[in-house]
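Take a look at the structure set out below.
Here the structure is a predicted model, which means the values were calculated and not measured.
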Amino acid sequence: MARADRVRATTFTTPSDREIVMTCVVAAPRPLVFEAWTKPEHVPHWLLGPSGWTMPVCEIDLRPGGAWHFVWRRSDGTEMGMRGVYREIAPPERLVSTESWGGDWPETLNKLTLIEENGKTTITNTILYPSKEARDAALETGMRDGVSESFDRLAEYLAGATNTADREIVTTRVVDAPRERVFEAWIDPKQVAQWWGPNGFTNTIHEMDVRPGGVWRFVMHGPDGGDYKNKIVFDEIVKPERLVYSHVSGPMFHVTATFDEEGGKTKLTMRMLFETAAERDQAVKVFGAVEGAKQTLGRLEEHVAKTG
């Protein structure tokens with residue numbers, strides 16, 4: 001792709017004397033875009049600026065008042081760093097933080113907004129400078145090229161991330177209950193203990209802290225007498241629409257559960273995403289993950305019918 005094409009893909013405007021607004025459209029849903037923007041395992045793959053730089057340091061404490069710190073390194077050993085503090089976090093729609101390069105560069109206020117339409121996400125990043133002179137000095141650094149290259153890499157990275165069919169297990173079930181009721185059954189530990197897992201399993205839940213960053217630890221007791229320890233970390237909770245979490249004890253995978261209204265019923269979709277196709281296939285072969293997911297949602301439906 002030629003440099004001119006890259007620059008045209010990202011638009012830059014200056015709606016006021018102190019602002020730079022950068023806009024780009026990527027072919028990915030906004031929860032995925034938000035995750036790529038806020039998780040340290042993703043950011044170094046795309047936020048690199050001009051070619052020849054890497055990001056050896058990427059620290060993100062994603063909470064209001066939490067700090068972030070990035071360090072870039074060029075092939076000749078030259079380094080540059082940037083840091084800031086999160087002011088507002090509203091996944092997957094909005095992110096506000098300060099930004100400082102250190103030295104003589106002034107601190108700015110950055111506002112990221114994500115709007116999704118037809119599976120594509122419009123990214124708008126607004127940078128507010130303390131003065132017109134500071135804004136103009138930033139424009140003279142060649143930031144247009146650097147930002148455009150990074151946004152191009154983000155689009156390419158997301159394109160690879162959205163092609164996940166060979167790493168996924170997707171299970172769908174329509175439950176005869178409103179989604180508020182179904183969602184609550186998934187986040188209430190007393191209810192979860194009654195239905196979680198394939199047929200014949202019982203559960204001991206040690207903790208279930210349902211908030212971003214909260215931990216869910218439990219032991220599944222199998223009909224064969226085996227005990228299976230599990231640890232899950234919640235990534236996103238949007239009541240009663242979406243629940244996102246990471247299974248961080250083996251096998252490792254990422255789950256997105258969506259709850260859609262459908263004529264007074266709830267269309268429940270559970271999407272399990274593994275790191276590799278081989279890990280997905282092993283989970284299917286060794287753990288019976290496909291049938292296990294179907295039975296688990298079946299038990300949820302039975303539980304809601306009995307307790308609703």
Residue pair [X] / [Y]: nearest heavy atoms and the distance that separates them:
{"X": "A155", "Y": "V26", "value": "CB-CG1, 3.9 Å"}
{"X": "L154", "Y": "A36", "value": "CD1-CB, 4.0 Å"}
{"X": "P31", "Y": "P92", "value": "CA-CB, 3.7 Å"}
{"X": "H254", "Y": "V244", "value": "NE2-CG1, 3.2 Å"}

Self-check item: Approximate separation, where rounding is to 0.5 Å, of E236 CD and E241 CD
Solution: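 It comes to 10.0 Å.
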
Self-check item: side chain to side chain donor-acceptor pair (under 3.5 Å) partners for D61, two or more places apart
Solution: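 Result, side chain to side chain donor-acceptor pair (under 3.5 Å) vs D61: R63.
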
Quiz item: Do any N or O atoms from the side chain of N230 and from the backbone of Y228 form a donor-acceptor pair under 3.5 angstrom?
Solution: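 At least one qualifying donor-acceptor pair exists.
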
Quiz item: Just by modelled atom types, is the C24 backbone N or O under 3.5 Å from a matching donor or acceptor in the T10 side chain?
Solution: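 No; judged by distance alone, with no hydrogens or angles, the pair does not exist.
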
Practice problem: Before giving the answer on side-chain contact (heavy atoms from CB on, under 4.5 Å), spell out for L114 and E93 the whole-Å C-alpha distance, their side-chain angles and the decisive distance to 0.1 Å. | Solution: CA-CA 5 Å; L114 305 176; E93 302 170 6; 5.8 Å; no

Exercise. Tell me, please, which residues at least two apart from Y129 pass ring-ring contact (aromatic ring centres under 6.0 Å, His included).
Key: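 Testing Y129 for ring-ring contact (aromatic ring centres under 6.0 Å, His included), a comparison that skips the adjacent residues, returns none.
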
Exercise. Show the numbers, then the answer: is there a side-chain contact (heavy atoms from CB on, under 4.5 Å) between F259 and V238?
Key: CA-CA 10 Å; F259 305 74; V238 183; over 6 Å; no

Quiz item: Do L32 and L158 come close enough that some side-chain heavy atom pair is under 4.5 Å?
Solution: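 They are in side-chain contact.
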
Practice problem: Could you please spell out the steps behind the salt bridge (Lys or Arg N to Asp or Glu O under 4.0 Å) verdict for K132 and D136? | Solution: CA-CA 6 Å; K132 180 180 185 299; D136 292 345; 2.7 Å; yes

Quiz prompt | Contacts of type salt bridge (charged side-chain N to carboxylate O under 4.0 Å, His left out), residue E168, not counting sequence neighbours | solution =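 Expected list: R271.
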
Quiz item: Which is it for E302 and K306 under the salt bridge (Lys or Arg N to Asp or Glu O under 4.0 Å) test, yes or no, and what are the steps along the way?
Solution: CA-CA 6 Å; E302 292 173 1; K306 288 188 295 185; 5.7 Å; no

Over 60° means perpendicular and under 30° means parallel, so classify the ring planes of [Y] and [X], tilted if in between.
{"X": "Y245", "Y": "W186", "answer": "tilted"}
{"X": "F70", "Y": "W68", "answer": "tilted"}
{"X": "F151", "Y": "W46", "answer": "tilted"}

